[in-house]
Amino acid sequence: AHVLPSVIKACAGLLAVKIGKQVHGFSLASGLYWDPFVESSLVHFYVKCDELVDAHKLFDNMVERDVVCWSALAAGYARKGDLVNAKKVFNEVKDLGFEPNTVSWNGMIAGFNQSGCYLDAVLMFQQMHLHGFTSDGTSISSVLPAIGDLGYLNSGTQVHGYVIKTGFAVDKCIVSALIDMYGKCRCALEMSQVFEDMGQVDVGACNALIAGLSRHGLAEKALTVFKELQGQGMELN
RNA sequence: UGCUGAUGGCGAC
């Protein structure tokens with residue numbers, strides 16, 4: 001019974017729709033469908049495959065809904081840019097009787113960011129704090145690009161300060177997210193500073209830096225940096 | 001100190 005969720009998870013990763021549906025059928029036939037782990041991995045599977053209608057239907061018919069499958073569904077709507085349903089599902093949480101956790105919040109922030117609903121991503125980030133949660137690395141690297149796209153330099157600087165204070169500065173994803181954010185806010189200096197403060201060289205950070213430099217019309221500088229890094233044996237795209 | 005499910009950046013594809 002513990003292998004089903006893993007199998008379904010693999011189908012979701014591969015977008016193997018047919019196989020996933022077969023596994024779904026098998027779980028029904030074998031009577032394992034009521035297992036919360038099986039069910040939520042199925043919800044996640046349908047979400048990943050963009051079958052939100054099926055995902056929602058499954059969710060509504062579940063015997064044992066919990067915070068995990070609820071998070072998966074809400075995040076799925078957010079990632080699709082379906083603001084109405086995302087918020088609707090997210091706000092249903094009280095009626096369902098459980099509480100969002102850090103992952104639930106992160107899923108919404110990341111989803112809104114990926115679908116270009118930047119303002120909503122930032123608002124969710126604020127709400128998360130108002131509800132007494134602390135952001136982790138995932139929340140921060142999800143919200144930073146949204147802040148950058150909105151040009152909210154003040155918020156970005158605040159998050160940067162928080163990153164330094166909490167020691168998240170060693171996280172590669174966060175560093176490149178910071179570089180990306182400063183690049184979008186047209187702060188070439190801060191951007192380069194973050195890059196240099198990073199002890200080690202990271203491909204992602206380099207990509208963000210070069211993209212940021214080009215955005216400033218500093219294409220030549222970008223090329224120079226590109227060659228420098230190549231000289232150090234970096235494999236860039 | 002892990003051991004079935006939901007959440008992360010830039011880029012290439």
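Proteins get letters first, then strands, A, B, ... in listed order; numbering begins at 1 in each.
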Can you find a side-chain donor-acceptor pair between A:N106 and A:S139 that sits under 3.5 Å?
-> yes

Is the closest side-chain heavy-atom distance between A:R65 and A:D60 below 4.5 Å?
-> yes

Roughly how many Å is it from OH in A:Y46 to C1' in B:G5, rounded to a whole number?
-> 16 Å

Let me know which of A:I109, A:I174, A:D171 forms a side chain to side chain contact (heavy atoms under 4.5 Å, CB included) with A:I140.
-> A:I174

With ring-ring contact (aromatic ring centres under 6.0 Å, His included) as the test, would you mind laying out the steps for A:F125 and A:W105 before giving the verdict?
-> CA-CA 8 Å; A:F125 186 73; A:W105 288 104; over 10 Å; no

Assess whether atom CD1 of A:I19 is packed by more than 12 heavy atoms of other residues, nucleotides or ligands within 6.0 Å.
-> no

Could you go over nucleotides 6-10 of chain B and give all protein N or O partners under 3.5 Å, atom names and distances?
from: B:A6; atom 1: N1; to: A:N101; atom 2: OD1; distance (Å): 3.3
from: B:A6; atom 1: N1; to: A:N101; atom 2: ND2; distance (Å): 3.0
from: B:A6; atom 1: N3; to: A:S71; atom 2: OG; distance (Å): 3.3
from: B:U7; atom 1: OP1; to: A:H44; atom 2: NE2; distance (Å): 3.3
from: B:U7; atom 1: O2'; to: A:N106; atom 2: O; distance (Å): 3.2
from: B:U7; atom 1: O2; to: A:N106; atom 2: ND2; distance (Å): 2.8
from: B:G8; atom 1: OP1; to: A:Q114; atom 2: NE2; distance (Å): 3.3
from: B:G8; atom 1: O2'; to: A:S141; atom 2: OG; distance (Å): 2.8
from: B:G8; atom 1: N1; to: A:D171; atom 2: OD2; distance (Å): 3.4
from: B:G8; atom 1: N2; to: A:G137; atom 2: O; distance (Å): 3.3
from: B:G8; atom 1: N2; to: A:S141; atom 2: OG; distance (Å): 3.3
from: B:G8; atom 1: N2; to: A:D171; atom 2: OD1; distance (Å): 3.3
from: B:G8; atom 1: N2; to: A:D171; atom 2: OD2; distance (Å): 3.0
from: B:G8; atom 1: N3; to: A:S141; atom 2: OG; distance (Å): 2.7
from: B:G9; atom 1: O4'; to: A:S141; atom 2: O; distance (Å): 3.4
from: B:G9; atom 1: N2; to: A:S176; atom 2: OG; distance (Å): 2.3
from: B:G9; atom 1: N3; to: A:S176; atom 2: OG; distance (Å): 2.6
from: B:C10; atom 1: O2'; to: A:A208; atom 2: N; distance (Å): 3.2
from: B:C10; atom 1: O2; to: A:G204; atom 2: O; distance (Å): 3.4
from: B:C10; atom 1: O2; to: A:N207; atom 2: ND2; distance (Å): 3.2

A:L32 CG to B:G5 P, in whole Å, measures 16 Å

